[in-house]
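Notes for the one structure printed next.
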Amino acid sequence: MDRVTEVSPPSGPHAHDGRHGLPEDPAHPAELPEYAERVLAVAETIPPGRVMTYGDVAEWLGEGGPRQVGRVMALYGGAVPWWRVVRADGVFLPGREQAALGHYREEGTPLRTAGPAADGHVPRIAMARARWDGLPLVEGGDEEDAGADGVPRSGAKGARGGASRVKRAT
């Protein structure tokens, strides 16, 4: 899947300074490490209006952890819907709150209203409703069903119970 990044990552904590494998000249994209390819592929499968935590992505892949996923997203996440890979507490990415909020509102991602004590009154993601478990989604049908291509469908009802919130890739 030799992906190359053609879109600059977001600024702030998910910014890239050109010293970690990507050239500073976006006209000459670099190939990504294999693990980064897999993380970005998961991010691309998260349906609009849904999110996975950094830990969920690592669990779904069966390797790495939240910090490794966060590092990939920080370096290369601008090429995918980065706002769909989030912190477990639902707090927006520092420095990218307004950009993320625009995406969440556009996609209908469930949000929790922030109280007056919250910094800047920025809402949080309503994780119980927005979190996606990685299972194929079918609107109006059984979540286990997917198209012949196995691509997840939007309209999920949420994560399943049990010890693990995320169903690993097969």
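The distance from atom CD1 of I125 to atom CG of L101, rounded to the nearest 0.5 Å, is 10.0 Å. If you take CH2 on W132 and CH2 on W60, they are separated by 7.0 Å, rounding to the nearest 0.5 Å. With rounding to the nearest 0.5 angstrom, the CH2 atom of W82 is 9.0 Å from the CE atom of M73. We find the CZ-NE2 distance between R105 and H103 to be 13.0 Å, quoted to the nearest 0.5 Å. Taking CZ of R38 as the reference point, atom CG of L40 lies at 11.0 Å (rounded to 0.5 Å). One distance of note links OH of Y104 with CD of E97; it measures 10.5 Å at 0.5 Å rounding.
Residues A58 and P66 approach most closely at CB-N, 4.2 Å, considering heavy atoms. Contact detail for R131 and R50: the closest heavy-atom pair is O-NH2, 2.6 Å. Shortest non-hydrogen contact noted between T109 and G49 is OG1-CA, 3.3 Å.
Using a 4.5 Å heavy-atom threshold, the side chains of V91 and R124 count as touching.
Residues passing the side-chain contact (heavy atoms from CB on, under 4.5 Å) test with A88, sequence neighbours excluded: T53.
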> Given V51 and M127, is the side-chain contact (heavy atoms from CB on, under 4.5 Å) satisfied, shown in steps?
Replying inline: CA-CA 8 Å; V51 299; M127 293 301 292; 4.0 Å; yes

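Residues in residues 82-93 take part in these salt bridge (Lys or Arg N to Asp or Glu O under 4.0 Å) pairs, two or more places apart or across chains: R84-E107, R87-D89.
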